[in-house]
Trainee: 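Have a look at this one.
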Protein chains: 2
Amino acid sequence: MPSDRSNRPDISQRILEAATRLFARHGFVGASLRDIAKAVGIRKPSLLYHFPSKDELRRGVLDQMLAHWNDVVPKILRAATAGPEQFDAIGAEILRFFRDDPDRGRLLLRELLDRPDELAPLLALRVQPWAKIVCDYIRKGQEHGRIQPDVDPEAYVIQVINLVLCGFATHGSIRSLVAGGSDDVEAGERLLTEMMRVAKASLFLPSAIAVPTRGATGTDAN
Amino acid sequence: MPSDRSNRPDISQRILEAATRLFARHGFVGASLRDIAKAVGIRKPSLLYHFPSKDELRRGVLDQMLAHWNDVVPKILRAATAGPEQFDAIGAEILRFFRDDPDRGRLLLRELLDRPDELAPLLALRVQPWAKIVCDYIRKGQEHGRIQPDVDPEAYVIQVINLVLCGFATHGSIRSLVAGGSDDVEAGERLLTEMMRVAKASLFLPSAIAVPTRGATGTDAN
DNA sequence: GCGGGTCTCTACCACTCGGTAGACGGGGCG
DNA sequence: CGCCCCGTCTACCGAGTGGTAGAGACCCGC
């Protein structure tokens, strides 16, 4: 009877999308299967036919998001092994991932708050290798005097993760706090720009960030 | 009958403490009144006698935390209006607030995710004035050539908030991601140190941060 | 036509939720 | 003593939860 259901782009996929949105918005316990099913346009038992339990659905949502993340990792690795000034490229790829769907940040942050022990192994699988690359890059930059010598690579990576995760998750809710006057999209752009600036200015030596051609070494402690 | 209940440090206060912990750990919907009551050692109706509804309890928890925050604000303002090198003092006060009870960060972050519209006015009241002081301080530092000219003060403050909130909220869950080898408390210290370093290095000009007297060792050796 | 999947549905289950009614007990006070 | 208030309790409520049973509708190969 419902003809509009004929143009279905895979029901399971539509369920995953609705679940992603509602889990990110209201949390895992706060989003009911009925609500998710309603968002898709079906009833709850139909949903449970595709995902036999709510927990299975949650796993599906996480799997899909981390699979998407897996698509961007190669780009990051390629950028990181290409040239010296790949920071912007890496940052752009990461930002794009979260900007494509801000629910990703919210979802990750919620999982980090709610079920850290279950998320940890997944992250270890998905971001550990990438983080290692970045750490190596930082250490090499430190040897070459391009990166500030007092950067703690592992800890720095975590700070950037915090910056990005929290930045996207609270996007729009916290930015009205201080940014006051400006409209939404402009305020969002200012926050993203500053996010990148903070990450960059706390990593590179100013001589490396300001003038690419100049070879003068500024502060050389060791 | 229960003699251990005679040494009660105000039942309402004990309820608030248990609720703070459970809300922060499992979220507002994830923590049931029964669980909170059990943590206090009473039954649910007794809890509802002191806080007539769950939402009232939530408001009480938030009020108490923001009241505690109110205790640190004067210290921050005093530090901010005292001398030029007050950054460390401000940072120390903020860090102490969250370190005293890591549940505060988790709770704030959860509220930011779950009920941003309700938290916004509270934050506007509690952190807006403080943030304004910091922004003024940044602008003055920019005029005096002590702070990097491309810092966006309002956006920078939000980045630092993100850094601190997410840093404490995911403390211990995300740090195992990269820090790998080191034990828990040492890893935590490394993260805090790096958090401060990132905030500082992305704010001050290196000339202001590195050398008060040329040739001496770094000032930020903590 | 017919049997078997695939998929959705209605109706129901046990359970937990936040919240209420009302009884019980104790302490202070007249 | 009687009275009252305070605080806690057991028992219960309606609503909503995740999940199940089982009936139907559709489609496809036989």
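This structure is a prediction, so every number in the text was calculated from the model and none was measured. Each chain gets a letter, A, B and so on, in the order its sequence line appears, and its residues count up from 1.
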Trainee: For Phe98(B) and Phe168(B), take the angle between the two ring planes, folded into 0 to 90°, and tell me which bin it lands in: parallel under 30, tilted 30 to 60, perpendicular over 60.
Mentor: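 Ring orientation, 0 to 90° scale: parallel.
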Trainee: Taking atom types as modelled, find out whether Gln159(A) and Arg197(B) have a side-chain donor-acceptor pair closer than 3.5 angstrom.
Mentor: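 The criterion, which ignores hydrogens and geometry beyond distance, is not satisfied for Arg197(B) and Gln159(A).
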Trainee: Taking side chain as C-beta onward, heavy atoms only, is Leu95(A) less than 4.5 Å from Met196(A)?
Mentor: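 Yes - at least one pair of side-chain heavy atoms lies under 4.5 Å apart.
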Trainee: Looking only at N and O atoms, is any donor in the side chain of Arg34(A) or the base of dG18(D) less than 3.5 Å from an acceptor on the other one?
Mentor: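 Checked by distance alone, the answer is yes.
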Trainee: For Ala169(B) and Leu109(B), work out which heavy atoms get closest and say how close.
Mentor: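 Scanning both residues, the minimum pair turns out to be CB-CD2, 3.5 Å.
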Trainee: Does the side chain of Ser46(A) get closer than 4.0 angstrom to OP1 or OP2 of dC7(C) through an N or O atom?
Mentor: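 So the side-chain polar atoms of Ser46(A) never come under 4.0 Å of the phosphate oxygens OP1 or OP2 of dC7(C).
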Trainee: Lys44(B) NZ to dA21(C) P: how many Å, rounded?
Mentor: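 Taking atom P of dA21(C) as the reference, NZ of Lys44(B) is at 13 Å.
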Trainee: Specify the separation, in whole Å, of atom CG of Leu47(B) and atom P of dC17(C).
Mentor: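 The answer, rounded to whole Å, is 13 Å.
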Trainee: Please find the pair of heavy atoms, one from Leu119(A) and one from Leu108(A), that lie closest to each other, and give the distance.
Mentor: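 That closest heavy-atom pairing would be CD2-O, 4.0 Å.
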Trainee: Before accepting this row, confirm whether a basic side-chain N of the pair Asp63(A)/Arg59(A) lies closer than 4.0 Å to the acidic partner's carboxylate O.
Mentor: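 Here Asp63(A) does not pair with Arg59(A) in a salt bridge, since their nearest N and O are not under 4.0 Å apart.
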Trainee: May I have the distance from Ile11(A) (atom CD1) to dT8(C) (atom P), rounded to whole angstrom?
Mentor: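 The answer, rounded to whole Å, is 5 Å.
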Trainee: Check DNA chain C against residues 26-33 of chain B and give the residues with a non-hydrogen atom under 4.0 Å, in numerical order.
Mentor: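 By residue number: Ala31(B), Ser32(B), Leu33(B).
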Trainee: Taking atom P of dT10(D) as reference, at what distance in whole Å does atom CD1 of Ile42(B) sit?
Mentor: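 In whole Å, dT10(D) P lies 12 Å from Ile42(B) CD1.
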Trainee: Quick one: Lys38(B) NZ to dG18(C) P, roughly how many Å, whole number?
Mentor: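 So the two atoms are 13 Å apart, to the nearest Å.
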Trainee: Can Asp35(A) and Arg25(A) be counted as an ion pair, charged N to O under 4.0 angstrom?
Mentor: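 The answer is no: the pair does not qualify as a salt bridge.
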Trainee: Roughly how far apart are Arg106(A) CZ and Phe23(A) CZ, rounded to 0.5 Å?
Mentor: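 Here the interatomic distance stands at 15.0 Å.
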Trainee: Can you sort out which residues in residues 48-61 of chain A have a heavy atom within less than 4.0 Å of DNA chain C? Ascending by number, please.
Mentor: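 Only Tyr49(A), His50(A) qualify.
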